[in-house]
Q: 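Quick one: the structure is below, and I'll ask about it shortly.
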Amino acid sequence: MPQQFWKPGTDKPRILEDEEGGVVFFAPSLSSASSSSSRFGYASIGSQRQRLPVYKYRTAILYLVETHATTIIVGETGSGKTTQIPQYLKEAGWADGGRVIACTQPRRLAVQSVASRVAEEMDVKLGEEVGYTIRFEDVTNPAATMIKFLTDGVLLREIMDDPLLTKYSVIMVDEAHERSISTDILLGLLKKIQRRRPELRLIISSATIEAKSMSDFFQTSKKHRGPEDHEFVPRKVPAVLSVEGRGFNVQIHYVVEPVSDYVQATVSTVLSIHDQEPAGDILVFLTGQDDIDAAIQLLAEEAHASRKISSGLIVLPLYSSLPRAEQDLVFSPTPRGKRKVVISTNIAETSLTLEGVVYVVDSGFSKQQFYNPISDIENLVVAPISKASARQRAGRAGRVRPGKCYRLYTEEYFVNEMSSVGIPEMQRSKLVSCVIQLKALGIDNILGFDWPASPPPEAMIRALEVLYSLGVLDDDAKLTSPVGFQAAEIPLDPMISKMILSSNQLGCSEEIITIAAILSIQSIWVSGKGVQKELDEAKLRFAAAEGDHVTFLNVYKGFLQSGKSSQWCHKNYMNYQAMKKVIEIREQLRRTALRLGIVLRSCEGDILAVRKAVTAGFFANASRLEAFSHNGMYKTVRGSQEVYIHPSSVLFRVNPKWVIYHSLVSTDRQYMRNAMTIDPSWLTEAAPHFFQNLRRPDPIAH
DNA sequence: GAGCACTGC
């Protein structure tokens, strides 16, 4: 047990029972917090730490963690919970005896920056007492690390090697309100682990007040234990503690009438802020590159027309596919007498923080992914945001001083129609990777798994079907040996994993892991507007008749021959950052392949082997050109869906009779992205079962 | 001849 920090007889924390009996609320006691103020830390950093809002809950938090299996902490950004709570736990002895305190984050950058901040506060070298682990980077020392920050994805991988996470005494899951797939899987698994390890403590940290549902989820026993035994057995009822943030007040403005064109409304709002409000930068939330470009152009036109305000505005776009140098412009300080306007996607809602923003304009929309398990198509659509998102966006205006947020929707809409939280990612995504991961963790009854939010059964069944067809699961829906277990080890989509495993027998693993690495990033080309012709020409220099996959091999070869040069990328309209990521992923895949006993071998130009390996993973994505089609219409073998080759493919307008594709994107039509020519006989060869089971008597007859 | 919100292993 950790050292006792709570002394009976001293100022006792007050516990307030929720009337429904499910939730324990805790009222902070200022005097107990200040009584333990000078026990740790260096003067300057120590007093800085004490000024954080979370500090006055120090005793309360430690008390709750000690006495409850799960503690839910609701706190806005700026409360200091992420950097302070792990330190409080360490100071209270939770890292004694070689145990480790873990704190997960959804994003890599957050892991790195929080870890270095905490190492600095504790005056230790990063990677010793305080460390972090993210994909490609393990900055920990197993013999010394007491506080470890990591992405939730990394912790999930750790569960594969150590199913009970035995080295951790406390696991804090931060930003749980974002409800990413890995956070949700992690929460489900932690609940199971807790049943086997009653001494394990969980802290769930969330920005929204939806704590009740989280509390219900972690409430393993309805029976209350008496207070006399709580020192030995933690209470099963989760404790809930609310910590205020340190943001400044943000005044909210709503439009009086609904707007019909939010791009136009954005531009008018920005201009009137610039005209009437004191200095301070403006952050605008739109949905995507199209919106953003349109708004910037309109803003330029209107500012030009009214000369009085045309000067003084610096307008900058911000989205993830923007080249790095242009992205960095938004961080440069605003010159005196100027006003910066950053027009951004959701990237500025959580991933990037801009200093100096005083005004936020919120369109009320963002692009969100939805998955239809019946048609098996993922769709990116503009959809209304949730109240939680709207609050997060508004909060971006209050970081340096009191700010204002202009919502381009009515108050009536916000209050009555906006949903309070977004739909968890789990309920709007493909679940193939998620299901194989759970299988690898020994969860046999996938449909009965205790999720924080249950995914649609159709999506689960579809995922099971895909895994069965790949030979990853057997008739009893158990992982096959060795293919299933090996595929689960590879940190990629199972269809790609299957392709890699098949390349072993075909003698082309070096080429296939290159293709796998490139397929698992967004795009290796620079984003196309304005340089379309040049981009097309550059692509032609690498284009292979066999299709996009083989083209990728040419590109990668060229990149290596250039000495991985950024100028070479620039010259060929390639995204250098993306290529660097390809190199990293490829290196990780090489190591994973070696561990799985895959022989790394090049086929030395035998492209037939490469194409067969791709087919072994992606046979389910085969389609055939319609016999009398003049417009390049294909039908999928699996579902007879009408599909077309995407104009970005090197096979666009080539229209070979048979292709397999990597993915479908759905806009006005269904487009196949990354297509490759095949011989249809390879399909039955790769997956006889799959094609026999299709309804049509002979779907691949010539 | 079209368009890629954002993460992550």
Side-chain angles (χ1 to χ4, degrees), chain A residues 104-111 133-138 150-160 175 178-186 285-293 318-322 344-352 363 365-370 378-383 385 389 422 425 428-429 433-434 436-437 440 488-494 496-497 516-517 520-530 532-533 535-536 575 578 581 584-585 588-589 591-592 631-632 644-649 651-653 655 663 665-674:
Chain A
T104 73
Q105 295 290 319
R107 281 170 291 279
R108 295 160 48 92
L109 193 64
V111 168
T133 309
I134 54 180
R135 187 185 189 181
F136 310 131
E137 243 182 287
D138 183 10
L150 66 175
T151 50
D152 31 28
V154 168
L155 191 59
L156 275 182
R157 288 275 152 187
E158 284 191 7
I159 297 179
M160 286 194 182
E175 313 284 0
E178 288 187 21
R179 305 302 300 274
S180 72
I181 290 187
S182 16
T183 307
D184 272 12
I185 302 177
L186 188 60
F285 286 102
L286 291 181
T287 64
Q289 195 176 339
D290 275 355
D291 276 2
I292 291 171
D293 290 345
L318 179 63
Y319 43 85
S320 77
S321 62
L322 202 64
S344 173
T345 60
N346 250 6
I347 192 170
E349 194 179 302
T350 48
S351 305
L352 294 180
S363 64
F365 290 96
S366 69
K367 283 198 182 172
Q368 289 161 41
Q369 184 170 272
F370 290 92
E378 290 174 296
N379 234 336
L380 198 61
V381 295
V382 172
I385 61 169
S389 266
E425 196 185 4
R428 44 185 181 85
S429 306
S433 298
C434 165
I436 195 177
Q437 223 169 349
E489 280 271 308
I490 302 173
L492 295 174
D493 183 278
I496 296 191
S497 305
S520 54
I521 62 161
Q522 297 252 1
S523 170
I524 54 169
W525 307 100
V526 293
S527 77
K529 272 197 179 128
Q532 198 50 62
K533 195 161 152 280
L535 176 57
D536 282 352
N575 182 337
K581 203 164 175 196
E584 274 188 324
I585 295 174
Q588 187 192 23
L589 292 180
R591 285 196 302 270
T592 308
N631 61 349
Y644 297 82
I645 292 180
H646 195 278
S648 67
S649 169
L651 294 181
F652 180 66
R653 279 205 284 245
N655 294 333
S663 61
V665 291
S666 174
T667 52
D668 55 326
R669 291 170 166 182
Q670 315 287 350
Y671 286 103
M672 302 180 272
R673 288 190 70 198
N674 298 325

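Throughout, protein chains are lettered first and strands after them, A, B, ... in sequence-line order, and every chain is numbered starting at 1.
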Q: Kindly indicate whether the side chain of Asp536(A) and the base of dG1(B) share any N or O donor-acceptor pair separated by less than 3.5 Å?
A: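 Yes.
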Q: Taking only the side-chain nitrogens and oxygens of Arg108(A), find out if one of them lies under 4.0 Å from OP1 or OP2 of dC9(B).
A: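 Looking at the OP1 and OP2 atoms of dC9(B), one of them is under 4.0 Å from a side-chain N or O of Arg108(A).
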Q: Any donor-acceptor pair under 3.5 Å linking the side chain of Ser429(A) with the backbone of Glu425(A)?
A: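 Yes: the side chain of Ser429(A) pairs with the backbone of Glu425(A).
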Q: For a quick check of understanding: with a heavy-atom distance under 4.0 Å over all strands, which category does Arg107(A) fall into, base, sugar-phosphate or nothing?
A: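 The residue Arg107(A) makes sugar-phosphate contact but no base contact.
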Q: Taking the side chain as everything from C-beta on, heavy atoms only, tell me whether Asp184(A) gets closer than 4.5 Å to Ile181(A).
A: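 With C-beta onward as the side chain, the pair stays apart.
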Q: Do you see a donor-acceptor pair shorter than 3.5 Å between the side chains of Arg428(A) and Gln369(A)?
A: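 Arg428(A) vs Gln369(A): no donor-acceptor pair found between side chains.
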Q: Provide, to the nearest angstrom, the distance between the CG atom belonging to Leu109(A) and the P atom belonging to dC6(B).
A: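 Between P of dC6(B) and CG of Leu109(A): 15 Å.
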Q: Categorize Asp668(A) for me: base, sugar-phosphate, or nothing, with a 4.0 angstrom heavy-atom threshold over every strand shown.
A: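 The residue Asp668(A) makes sugar-phosphate contact but no base contact.
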Q: Between atom CD in Glu378(A) and atom C1' in dT7(B), what is the gap in whole Å?
A: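 In whole Å, dT7(B) C1' and Glu378(A) CD are 14 Å from each other.
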Q: Output the rounded distance in Å from CG (Asn379(A)) to P (dC4(B)).
A: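 The distance from CG of Asn379(A) to P of dC4(B) comes to 9 Å, rounded to the nearest Å.
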Q: Scan Ile347(A) against the nucleic acid and name what it touches under 4.0 Å (heavy atoms): base, sugar-phosphate only, or nothing.
A: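 Sugar-phosphate contact only - Ile347(A) comes under 4.0 Å of backbone atoms but never of a base.
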Q: Applying a 4.0 Å non-hydrogen cut-off, can you work out what Ser182(A) is touching in the nucleic acid: base, sugar-phosphate, or nothing?
A: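 No contact.
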Q: Just by distance, with hydrogens left out, do Ser389(A) and Glu349(A) show a side-chain donor and acceptor under 3.5 Å apart?
A: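 Side-chain D/A pair, Ser389(A) to Glu349(A): present.
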Q: What's the CD1-P distance between Ile521(A) and dC4(B), to the nearest Å?
A: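 In whole Å, dC4(B) P and Ile521(A) CD1 are 17 Å from each other.
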Q: Please state whether the phosphate of dC4(B), meaning OP1 or OP2, lies under 4.0 angstrom from any side-chain nitrogen or oxygen of Ser320(A).
A: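 The answer is no; no side-chain N or O of Ser320(A) sits under 4.0 Å from OP1 or OP2.
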Q: Which is true for Thr151(A) with a 4.0 Å heavy-atom rule: it touches a base, it touches only sugar-phosphate, or it touches nothing?
A: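 It contacts sugar-phosphate atoms only.
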Q: Choose from dT7(B), dA2(B), dG1(B) the nucleotide whose nearest atom is closest to any side-chain atom of Ser351(A).
A: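 Closest nucleotide among those given: dT7(B).
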Q: Starting from C1' on dA2(B), measure out to OH on Tyr671(A) and report it in whole angstrom.
A: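 Atom OH in Tyr671(A) sits about 6 Å away from atom C1' in dA2(B).
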Q: Just the rounded figure in Å: distance from P of dT7(B) to NZ of Lys367(A).
A: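 Going from NZ in Lys367(A) over to P in dT7(B) covers 15 Å.
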Q: Write down the distance between CD (Glu178(A)) and C1' (dT7(B)), rounded to a whole number of angstrom.
A: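 Going from Glu178(A) (CD) to dT7(B) (C1'), I get 9 Å.
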Q: Going by heavy atoms in the side chains, are Thr345(A) and Ser320(A) under 4.5 Å from each other?
A: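 No, every pair of side-chain atoms sits at 4.5 Å or beyond.
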Q: Output the single nucleotide from dG1(B), dA2(B), dC6(B) whose closest atom is nearest the side chain of Thr667(A).
A: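 Nearest to the side-chain atoms of Thr667(A), counting from C-beta on, is dA2(B).
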Q: For Ser366(A) and Gln588(A), find the nucleotide of DNA chain B closest to each by heavy atoms; which residue's nucleotide sits nearer the 5' end?
A: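 On the 5' side of the pair lies Ser366(A).
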Q: Decide yes or no, distance alone: a donor-acceptor N/O pair under 3.5 angstrom between the base of dG3(B) and the side-chain of Gln532(A).
A: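 Result: at least one qualifying N/O pair found.
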Q: Mark yes or no for a side-chain to base donor-acceptor pair under 3.5 Å between Gln522(A) and dA5(B), with no hydrogen or angle criteria applied.
A: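 Absent.
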Q: Would you mind classifying the nucleic acid contact of Ile490(A) as base, sugar-phosphate or nothing, using non-hydrogen atoms under 4.0 angstrom?
A: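 Touches nothing.
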Q: Check this one for me: any side-chain N or O of Ser433(A) less than 4.0 Å away from OP1 or OP2 of dC9(B)?
A: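 So the side-chain polar atoms of Ser433(A) never come under 4.0 Å of the phosphate oxygens OP1 or OP2 of dC9(B).
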Q: Test salt bridge (Lys or Arg N to Asp or Glu O under 4.0 Å) on Glu178(A) and Arg107(A); report intermediate values, then the result.
A: CA-CA 11 Å; Glu178(A) 288 187 21; Arg107(A) 281 170 291 279; 2.8 Å; yes
Q: Output the rounded distance in Å from CD1 (Ile436(A)) to P (dC9(B)).
A: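 Distance, rounded to whole Å: 18 Å.
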